[in-house]
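Below is one structure, written out as structure tokens, with a few remarks after it.
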Amino acid sequence: MPKEENPMDKDEIEGGARAFAGKAEEALGEATGDEDLQREGMRHQAAGEAQKLFGAAKDAARSASHTAGAAFESVRDSVAGGAGRAPEDRAAAPASDGAAWVADFVREQPVLALFGAATLGYALAFLFHGGRR
């Protein structure tokens with residue numbers, strides 16, 4: 001499942017703007033001595049913060065949903081690959097499947113397998129010895 005970029009939720013943005021405007025309104029009310037404007041500013045601030053929290057909760061739920069979906073797909077694929085096997089066999093299945101694939105490849109393409117093994121050996125020797133002979 002491709003990872004989606006989640007920009008800030010629109011409720012988070014609008015809530016932040018509303019809270020900021022409420023703070024400015026409250027400050028103006030304090031500066032002018034208008035208690036009604038102060039209270040209105042505080043009310044707008046609280047509403048903005050609540051809207052921001054709601055947007056953040058929606059983002060968290062969306063993210064959890066994507067994570068749960070990816071986990072479900074992974075488990076489903078693992079179970080489908082191990083259907084009919086005993087639980088202890090399912091744990092070893094990826095290794096035994098890989099070993100079986102290698103054995104089949106060597107049987108079917110011995111020259112290519114030998115070339116691949118020689119290349120891998122050379123690469124490891126180069127890594128460990130730094131190209132010195």
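Remember, predicted model here, so these are calculated numbers, not experimental data. Along the sequence shown, residues are numbered consecutively beginning with 1.
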Ignoring hydrogens and angles, write down the donor-acceptor pairs under 3.5 Å from the side chains of residues 106-115, residues two or more places apart or on other chains.
residue : atom : partner : partner atom : Å
R107    : NH1  : D104    : OD1          : 2.8

Considering only distance and modelled atom types, tabulate donor-acceptor pairs under 3.5 Å from the side chains of residues 41-51, sequence neighbours left out.
residue : atom : partner : partner atom : Å
R43     : NH2  : E40     : OE2          : 2.5
H44     : ND1  : E25     : OE1          : 2.5
H44     : ND1  : E40     : O            : 3.4
H44     : NE2  : E40     : OE2          : 3.3
Q51     : NE2  : D11     : OD1          : 3.2
Q51     : NE2  : E14     : OE1          : 3.1

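A pairwise comparison of heavy atoms in E30 and Q38 identifies CG-NE2, 2.7 Å as the closest pair.
Residue pairs meeting the salt bridge (Lys or Arg N to Asp or Glu O under 4.0 Å) criterion with at least one partner in residues 114-123, sequence neighbours excluded, do not occur; the list is empty.
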